[in-house]
A.B. asks: 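Can you keep this structure in mind? I'll have questions shortly.
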Amino acid sequence: MENSIVIYNTLTRKKEVFKPLVEGKVGLYVCGPTVYSNSHLGHARPNITFDLLFRYLTFLGNKVRYVRNITDVGHLENEAEETGEDKIAKKARLEQIEPMEVVQKYMNTFHKNMEMLNVLPPSIEPRASGHIIEQQQMIEAILKNGFGYEVNGSVYFDVEKYNQKYNYGKLSGRNLDDIRTNTRELEGQSEKKNSFDFALWKKATPEHIMRWPSKWSDGFPGWHLECSVMSTKYLGEKFDIHGGGMDLTFPHHECEIAQSTASQGEEAVRYWMHNNMITINGQKMARSLGNFITLDELFTGSHKILTQAYSPMTIRFFILQAHYRSTIDFSNEALQASEKGLERLMTAVKTLSNLTASEKSTVDISSLKEKCFSALNDDINSPIAIAHLFDGVKTINSIKAGNEKISAEDLAELKSFYNSMVFDVLGFKEEQTSGSGDNAVLGKSIELLLTLRNEAKANKDWGTADKIRDELNEIGIEIKDTKDGADWAIK
RNA sequence: GGUCUCUUGGCCGAGUGGCUAGGCAGCGGUCUGCAAAACCGCGUACGGCGGUUCGAAUCCGCCAGAGACCUCCA
């Protein structure tokens with residue numbers, strides 16, 4: 001099987017065959033979160049999207065170095081512009097704690113949430129605050145090449161000058177004239193030659209807590225610098241893939257391109273990938289819009305618009321059931337559909353492990369495999385891959401029902417395929433709520449009740465049997481009678 | 001206002017010139033003491049109006065509606 005995969009490159013607005021710079025090795029950088037509050041559903045999207053990419057590239061035999069940063073320096077906030085206060089410092093004052101304490105707290109939550117979603121940790125997770133010196137070095141390189149200027153201890157990027165030699169706006173499809181006429185004049189920008197110039201180093205005002213010494217001033221690095229610096233530091237001056245949310249395309253990624261090009265003379269990134277947004281009532285879910293649901297709220301069902309809790313794997317399935325470049329609209333109905341769908345898939349995986357082989361097959365395993373892989377090869381089309389897996393579910397169930405037959409070799413192949421696809425590549429995991437496992441006391445108690453119920457059933461004492469079933473149901477434990485006896489699950 | 005994107009059956013969501021994904025819900029059935037669960041089967045949809053074509057949900061134009069970016073954002 002050939003594994004030439006195709007990726008939609010935002011830079012060219014086309015699908016391109018992906019060829020890593022070095023055969024068998026892939027450098028992947030993804031913009032991570034700014035850790036100043038709890039992670040919400042929107043954050044799950046890029047992390048799951050690029051987790052899938054990371055997993056699949058690895059599965060195909062590549063050695064992938066996946067770098068995902070933590071922004072713990074804080075970007076300037078709109079209303080805080082005049083004071084030069086940043087998000088993290090602002091939150092710190094609000095909660096009367098150290099900025100780094102805020103960072104630690106929300107970084108911990110982020111990590112915990114990601115682990116629950118079965119998002120693999122990246123190979124390197126650099127923090128902006130740990131790369132102040134490198135950021136200063138890049139500023140110096142930009143200044144040396146004549147694409148920056150210093151004013152009152154702050155350093156700005158000279159977009160006009162840059163655009164004379166290179167093309168500012170190539171990623172987001174803008175040209176400088178459009179930007180010139182459409183950029184809003186903001187307060188406190190008088191230092192800049194042009195409103196579209198952006199800060200590389202910002203002098204800290206007295207009340208600004210997060211600050212570092214530099215030759216220009218005590219201050220902090222500009223908004224876009226950390227990604228340019230940390231990506232090239234760990235992946236090289238030229239690397240394969242840079243990912244992130246679509247909302248970062250402009251200005252963040254545009255500025256990254258400008259910074260890298262201005263400092264080293266050529267672009268760093270070969271393929272730009274952008275995931276689309278999660279919407280709620282048709283509108284983008286965002287921290288700034290206040291219409292977000294945190295991951296913890298989803299997992300516990302504690303947000304007022306949620307009719308129930310949704311497990312991490314349900315969220316993961318929900319996200320992977322849509323293509324990463326489409327928007328997905330949040331709704332209880334959609335999440336419930338995902339919950340059911342995932343359950344059907346996972347049940348089939350269990351069924352598969354207990355199937356018995358026949359002399360020969362009446363089913364076509366290799367065609368199923370090929371369809372799944374070609375879906376993933378086509379710009380990581382997870383919904384199509386999942387659809388084919390569901391076709392396989394039908395096959396698995398038909399084999400179990402005796403309508404189809406499978407040979408021992410095919411069965412082994414099908415098992416191995418589902419294991420790698422469902423668990424290794426798509427990254428689902430069992431979320432066991434029933435019998436076995438952690439709560440042995442509960443499990444044994446329920447087994448006892450089920451034994452009593454079976455005895456009652458054997459005596460045709462339907463009253464007692466139904467009472468046990470119904471009252472357990474009231475408590476929140478569902479009894480499922482199967483041919484092989486009763487099974488149970490916490491609802 | 002500028003740039004860009006989207007509009008698919010009850011809901012979610014793929015596809016992108018002919019071969020009419022998939023999930024959920026619904027309906028019918030199998031199983032079961034009953035119920036639930038599970039399993040099997042069933043649905044010809046592509047915003048409107050024109051055009052190109054032997055043929056369009058898919059290409060082009062216009063209209064309508066929604067959204068994203070232009071400011072921190074995943």
Side-chain angles (χ1 to χ4, degrees), chain A residues 13 30-34 36 39-50 71 74-81 86-87 169 172-175 177-179 181-184 186 196 223 243-252 254 274-279 282-289 292 317-318 321-323 325-345 347-348 351 371 375 381-391 393-394 396-398 400-401 403 457 460-462 465-466 469-470 473 478-483 486-489:
Chain A
R13 305 193 172 229
V30 174
C31 289
T34 306
Y36 68 97
S39 311
H40 63 79
L41 181 57
H43 293 108
R45 186 118 199 234
N47 287 294
I48 289 173
T49 297
F50 292 105
T71 298
H75 293 166
L76 284 165
E77 218 175 13
N78 209 6
E79 66 267 36
E81 191 100 351
D86 74 31
K87 275 180 180 168
S172 54
R174 274 153 233 258
N175 64 61
D177 290 332
D178 289 345
I179 297 171
T181 51
N182 286 306
T183 304
R184 200 164 53 135
L186 294 168
F196 44 72
W223 323 345
M246 258 181 198
D247 51 351
L248 298 178
T249 311
F250 189 89
H252 185 58
E254 201 69 71
H274 291 96
N275 64 276
N276 214 321
M277 303 290 106
I278 290 181
T279 59
Q283 197 187 32
K284 172 184 165 185
M285 182 180 287
R287 216 133 50 173
S288 54
L289 294 169
F292 62 92
F317 188 78
F318 171 67
Q321 237 185 342
H323 184 77
R325 285 190 287 114
S326 302
T327 55
I328 328 178
D329 197 51
F330 165 88
S331 70
N332 281 288
E333 292 73 18
L335 261 315
Q336 280 157 13
S338 295
E339 185 177 53
K340 292 278 182 60
L342 176 62
E343 198 183 320
R344 182 168 144 84
L345 179 63
T347 304
T351 306
K371 283 177 187 165
N381 200 323
S382 55
I384 295 284
I386 290 172
H388 290 307
L389 287 179
F390 275 109
D391 287 340
V393 167
K394 203 160 279 183
I396 290 166
N397 290 330
S398 299
K400 193 195 178 194
N403 301 329
K457 283 173 76 171
K460 294 201 193 302
D461 178 5
W462 309 127
D466 291 354
R469 179 223 287 158
D470 296 343
N473 194 51
E478 185 175 36
I479 304 302
K480 301 175 189 176
D481 286 333
T482 70
K483 278 179 185 147
D487 202 1
W488 64 277

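Each chain gets a letter, A, B and so on, in the order the sequences are listed, and its residues count up from 1.
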A.B. asks: Begin from the C-alpha positions of A:Asp481 and A:Lys457 and carry the test side chain to side chain contact (heavy atoms under 4.5 Å, CB included) through to its verdict.
C.D. replies: CA-CA 12 Å; A:Asp481 286 333; A:Lys457 283 173 76 171; 3.5 Å; yes

A.B. asks: Can you name the residues that form a side-chain contact (heavy atoms from CB on, under 4.5 Å) with A:Ala337, not counting sequence neighbours?
C.D. replies: none

A.B. asks: CG of A:Asn275 to CD1 of A:Ile48: how many Å apart, nearest 0.5 Å?
C.D. replies: 10.5 Å

A.B. asks: Kindly indicate whether a cation-pi arrangement holds for A:Arg174 with A:Phe196, taking the cut-offs as under 6.0 Å to the six-membered ring centre and within 45° of the axis.
C.D. replies: no

A.B. asks: Heavy atoms under 4.0 Å, any strand shown: does A:Asn276 hit a base, just sugar-phosphate, or nothing?
C.D. replies: base

A.B. asks: Nearest to the side chain of A:Leu248 - B:A74, B:C40, B:A35?
C.D. replies: B:A74

A.B. asks: Using the P atom on both, measure B:G61 against B:U5 and round to a whole Å.
C.D. replies: 12 Å

A.B. asks: Starting at atom CD1 of A:Ile479, determine the distance to atom P of B:A38, rounded to an integer number of angstrom.
C.D. replies: 15 Å

A.B. asks: I'd like the P distance from B:C4 over to B:C39, given in whole Å.
C.D. replies: 48 Å

A.B. asks: Start at the 5' end of RNA chain B and walk down; is the nucleotide closest to A:His388 or to A:Arg13 reached first?
C.D. replies: A:Arg13

A.B. asks: Rounded to whole angstrom units, what separation is found between the CZ atom of A:Phe250 and the P atom of B:C73?
C.D. replies: 13 Å

A.B. asks: So, OP1 or OP2 of B:C72: does either fall under 4.0 Å of a side-chain N or O from A:Arg287?
C.D. replies: no

A.B. asks: In chain order, what residues pass the salt bridge (charged side-chain N to carboxylate O under 4.0 Å, His left out) check against A:Asp466, with sequence neighbours excluded?
C.D. replies: A:Arg469

A.B. asks: When the C1' atoms of B:G18 and B:C46 are considered, how many whole Å apart are they?
C.D. replies: 16 Å

A.B. asks: Using the P atom on both, measure B:G67 against B:G13 and round to a whole Å.
C.D. replies: 15 Å

A.B. asks: Write down the distance separating the P atoms in B:A68 and B:G55, rounded off to the nearest Å.
C.D. replies: 39 Å

A.B. asks: Roughly how many Å apart are B:U58 and B:G17, using the P atom of each and rounding to a whole number?
C.D. replies: 11 Å

A.B. asks: Given the P atoms of B:A57 and B:U16, what is the spacing between them in whole Å?
C.D. replies: 15 Å

A.B. asks: When you measure from the side chain of A:Thr279 to the backbone of A:Ile328, do you find a donor-acceptor pair of N or O atoms at a distance under 3.5 Å?
C.D. replies: yes

A.B. asks: Regarding A:Ala322, tell me which of base, sugar-phosphate or nothing describes its non-hydrogen contacts under 4.0 Å with the strands shown.
C.D. replies: sugar-phosphate

A.B. asks: Identify, with sequence neighbours excluded, every residue that meets side-chain contact (heavy atoms from CB on, under 4.5 Å) alongside A:Gln336.
C.D. replies: A:Thr307, A:Gln308, A:Tyr310, A:Asn332

A.B. asks: Calculate the interatomic distance between A:Asp329 atom CG and B:U7 atom P; express it in whole Å.
C.D. replies: 13 Å

A.B. asks: Are there any protein N/O atoms within less than 3.5 Å of an N/O atom in nucleotides 15-19 of chain B, and if so, which ones and at what distance?
C.D. replies:
residue, atom, partner, partner atom, Å
B:G15, OP1, A:Asn381, ND2, 3.0

A.B. asks: Starting at atom NZ of A:Lys457, determine the distance to atom P of B:A36, rounded to an integer number of angstrom.
C.D. replies: 14 Å

A.B. asks: Heavy atoms only: give me the nearest A:Phe318-A:Ala334 pair and the separation to one decimal.
C.D. replies: CE1-CB, 3.8 Å

A.B. asks: Suppose we screen for salt bridge (charged side-chain N to carboxylate O under 4.0 Å, His left out). Which residues come up paired with A:Arg344, at least two apart in sequence or across chains?
C.D. replies: none

A.B. asks: Return the set of residues passing side-chain hydrogen bond (donor to acceptor under 3.5 Å, both in side chains) with A:Asn276 (not counting sequence neighbours), or none when no residue passes.
C.D. replies: none

A.B. asks: Please identify each residue that fulfils salt bridge (charged side-chain N to carboxylate O under 4.0 Å, His left out) with A:Asp247, with sequence neighbours left out.
C.D. replies: A:Lys284

A.B. asks: Give me, pair by pair, the N or O atoms of the protein and of nucleotides 23-27 of chain B that are less than 3.5 Å apart, along with how far apart they are.
C.D. replies:
residue, atom, partner, partner atom, Å
B:G23, OP1, A:Arg344, NH2, 3.4
B:A25, OP1, A:Lys340, NZ, 2.9

A.B. asks: Report the residues that fulfil side-chain contact (heavy atoms from CB on, under 4.5 Å) with A:Ile384, sequence neighbours left out, ordered by chain and then residue number.
C.D. replies: A:Ala375, A:Asn381, A:His388

A.B. asks: Closest heavy-atom contact between A:Met285 and A:Gly42?
C.D. replies: SD-N, 4.0 Å

A.B. asks: Would you measure the distance from the P atom in B:A25 across to the matching atom in B:A45 and give it in whole Å?
C.D. replies: 23 Å

A.B. asks: Using heavy atoms to find the nearest nucleotide of RNA chain B for A:Ile328 and A:Lys480 separately, return the residue whose nucleotide is more 5′.
C.D. replies: A:Ile328

A.B. asks: To the nearest Å, give me how far apart CE (A:Met285) and C1' (B:A74) are.
C.D. replies: 12 Å

A.B. asks: Can you give me the dot-bracket string for RNA chain B, 5' to 3', counting Watson-Crick and G-U wobble pairs with both distances under 3.5 Å, using [ ] for crossing pairs and | for partners on another strand?
C.D. replies: ((((((((.[[[)....(...]]].(((((.......)))))....[[[[[..)....]]]]])))))))....

A.B. asks: What is the distance from CD1 of A:Ile386 to C1' of B:G13, rounded to the nearest Å?
C.D. replies: 11 Å

A.B. asks: Between B:A21, B:G2, B:C12, spot the one nearest the side chain of A:Arg174, thanks.
C.D. replies: B:G2

A.B. asks: Only counting residues at least two apart or in another chain, list the ones meeting side-chain contact (heavy atoms from CB on, under 4.5 Å) with A:Glu333.
C.D. replies: A:Ser331

A.B. asks: Could you list all N or O pairs between the protein and nucleotides 63-68 of chain B that sit under 3.5 Å apart?
C.D. replies:
residue, atom, partner, partner atom, Å
B:A68, OP1, A:Lys284, N, 3.3

A.B. asks: Output the rounded distance in Å from CD1 (A:Ile278) to C1' (B:A74).
C.D. replies: 9 Å

A.B. asks: Hey, does the side chain of A:Glu254 reach the backbone of A:Ser172 with a donor-acceptor pair shorter than 3.5 angstrom?
C.D. replies: yes

A.B. asks: Under the 3.5 Å rule, do the base of B:G2 and the side chain of A:Asn175 count as making a donor-acceptor pair?
C.D. replies: no

A.B. asks: Using a cut-off of 4.0 Å on non-hydrogen atoms, how would the nucleic acid contact of A:Gly173 be classed: base, sugar-phosphate, or nothing?
C.D. replies: sugar-phosphate

A.B. asks: Calculate the interatomic distance between A:Arg45 atom CZ and B:A74 atom P; express it in whole Å.
C.D. replies: 15 Å

A.B. asks: Over 60° means perpendicular and under 30° means parallel, so tell me whether A:His40 and A:Phe292 are parallel, tilted or perpendicular.
C.D. replies: tilted

